[in-house]
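In what follows, chains carry the letters A, B, and so on, assigned in the order in which the sequence lines appear, proteins first and then strands, with residues in each chain numbered from 1.
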There are 2 protein chains.
Amino acid sequence: MAIDISLAARPAGRPREFDIDEALDRAITVFSERGYHGTSISDLREAMGLTAGSLYKAFKDKHAIFLACFDRYKQVRNALLDEELAKASNGRDGVRRMLVFYAEGAHGDGGRRGCLAVGTAVELAIFDDEAARRVERSMDRFETTFETLIRRGQEDGSITRSIQPNATARLLLSVVQGLRVLGKTSPSREQTFSVVDVAMTLLD
Amino acid sequence: MAIDISLAARPAGRPREFDIDEALDRAITVFSERGYHGTSISDLREAMGLTAGSLYKAFKDKHAIFLACFDRYKQVRNALLDEELAKASNGRDGVRRMLVFYAEGAHGDGGRRGCLAVGTAVELAIFDDEAARRVERSMDRFETTFETLIRRGQEDGSITRSIQPNATARLLLSVVQGLRVLGKTSPSREQTFSVVDVAMTLLD
DNA sequence: CTTATTTGGAAACGATCATTCCCTAATTGG
DNA sequence: CCAATTAGGGAATGATCGTTTCCAAATAAG
């Protein structure tokens, strides 16, 4: 008796010939660089290597493509960050790793390309409730992670007890989002990482 | 003998019936909320109270309108900031006033509306050299102002000599740009100002 | 083998985009 | 008063937008 490897039975009909996540990864680049309104379906067709028909078979409309990109972007980035944080030896090291993780993304070509979450916040949050909810959830998650790491550091002795975990976490969140803005025009590695060093002095 | 009050002689032809700066101020609101690509000429017509013909008499094209908005936005904001900084009693007070100035703009309705400089950096900097140059000049100016205030504070004794003026200025710049990003989705006054308080502890 | 279902691909659609044109109105200079 | 110049207003333009439609191709179920 053969064992079905796939989790779900293949549905009736012609099977999709492209990988959704691969296509989304290419769309993420385009949306990050050009923004939502600056990206046309033609841009997406070209980047994803699909025809308009196939695009609209796989997604309801442009907005749905964008939201799927946002979700995939966050999923991938969060997984990478979690991997990095798993290596942290203590609270302070965790904060440092998180700041470095952001600084790596905010400088050079990646900095020029931009962060999809920051772009979404700036371009869409005010009139697009679904986008705003996603941005807010993303920011909350990072703020909470910073706060948890600070508390952990205060308990393991690597971070001074004289700072307020929630307010300091909020400031660190501001710093990393700001690095993304500055990275759009002056993404030098040196300047980006000097900000990380100064931010770390808050924990002394 | 009558004295001509105007600085320049009125040029031949029908005089313009609207005030350019007033029109730009309304356009600034629209561009801040909707972004460059999200704003149509129709949006601008409506907000500025002009017809397409008049718009294109006064400006070369949409891009020129946008750049004029950016320049006016910076001019107005810089004038307000300079006014605030003139009241500073010492270096530390100057830094505090500058942070508060930003925090006032980044929370509440103004935070939701957004900052035109941040919006331009995120949406346009990568492909629009003229916009990128303006953003960079704006950021440089603020970074330099922060640095000058820090040096002044170190000389007048209000700021510790143990911090590096340039790196700390860069961090403060990151913080205020980040506040603009966070202000798009969670613009509470309390959270915004708590970040200012934490940032000020860097100067101790 | 037939039917139902889904995708791929390309042409076609109406709407909206930024921009221009054309006519009238208002001003300066002669 | 006349010519030149510029602005106001609104219709018209061609291009591009996001989306739909239509048909052939590929699969599963019966």
Listing time: all N or O pairs from protein to nucleotides 7-9 of chain D that are below 3.5 Å?
unit_1 : atom_1 : unit_2   : atom_2 : d
dA7(D) : OP1    : Arg16(B) : NH2    : 3.0
dA7(D) : O4'    : Arg14(B) : O      : 3.2
dG8(D) : OP1    : Glu17(B) : N      : 3.0
dG8(D) : OP2    : Ser54(B) : OG     : 3.3
dG8(D) : O4'    : Arg14(B) : NH2    : 3.3
dG8(D) : N7     : Lys57(B) : NZ     : 3.2
dG8(D) : O6     : Lys57(B) : NZ     : 3.1

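Under the rule for a side chain to side chain contact (heavy atoms under 4.5 Å, CB included), the partners of Arg134(B) that lie at least two apart in sequence or sit in another chain are Leu67(B), Phe70(B), Asp71(B), Glu130(B), Arg137(B). Scored by the side chain to side chain contact (heavy atoms under 4.5 Å, CB included) test, Thr144(A) finds Thr148(A) as partners (sequence neighbours excluded). Under the rule for a side-chain hydrogen bond (donor to acceptor under 3.5 Å, both in side chains), Arg112(B) has no partner lying at least two apart in sequence or in another chain. Legend: residues meeting side chain to side chain contact (heavy atoms under 4.5 Å, CB included) with Asp93(B), ordered by chain and number and at least two apart, are Ala88(B), Ser89(B), Asn90(B), Arg96(B), Arg97(B). A search for side chain to side chain contact (heavy atoms under 4.5 Å, CB included) contacts involving His107(A) returns Glu104(A), Arg189(A), Thr192(A), Phe193(A), not counting sequence neighbours. Applying the side-chain hydrogen bond (donor to acceptor under 3.5 Å, both in side chains) criterion to Glu17(B), with sequence neighbours excluded, gives Arg14(B).
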Can you list, pair by pair, the side-chain donor-acceptor contacts under 3.5 Å of residues 74-81 of chain A, counting residues two or more places apart and other chains?
unit_1   : atom_1 : unit_2    : atom_2 : d
Lys74(A) : NZ     : Ser138(A) : OG     : 3.0
Asn78(A) : ND2    : Lys74(A)  : O      : 3.2

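The separation between Lys62(B) atom NZ and dT16(C) atom C1' is 12 Å, rounded to whole Å. The distance between atom NZ of Lys60(A) and atom C1' of dG18(D), rounded to the nearest whole Å, is 12 Å.
Between dT19(D) and Tyr56(A), a contact under 4.0 Å exists linking OP1 or OP2 to a side-chain N or O.
Contact between Gly35(B) and Thr39(B) at its shortest, heavy atoms only, is O-OG1, 2.6 Å.
DNA chain C is contacted by Thr39(B), Ser40(B), Ile41(B) of residues 25-46 of chain B, taking any non-hydrogen atom closer than 4.0 Å.
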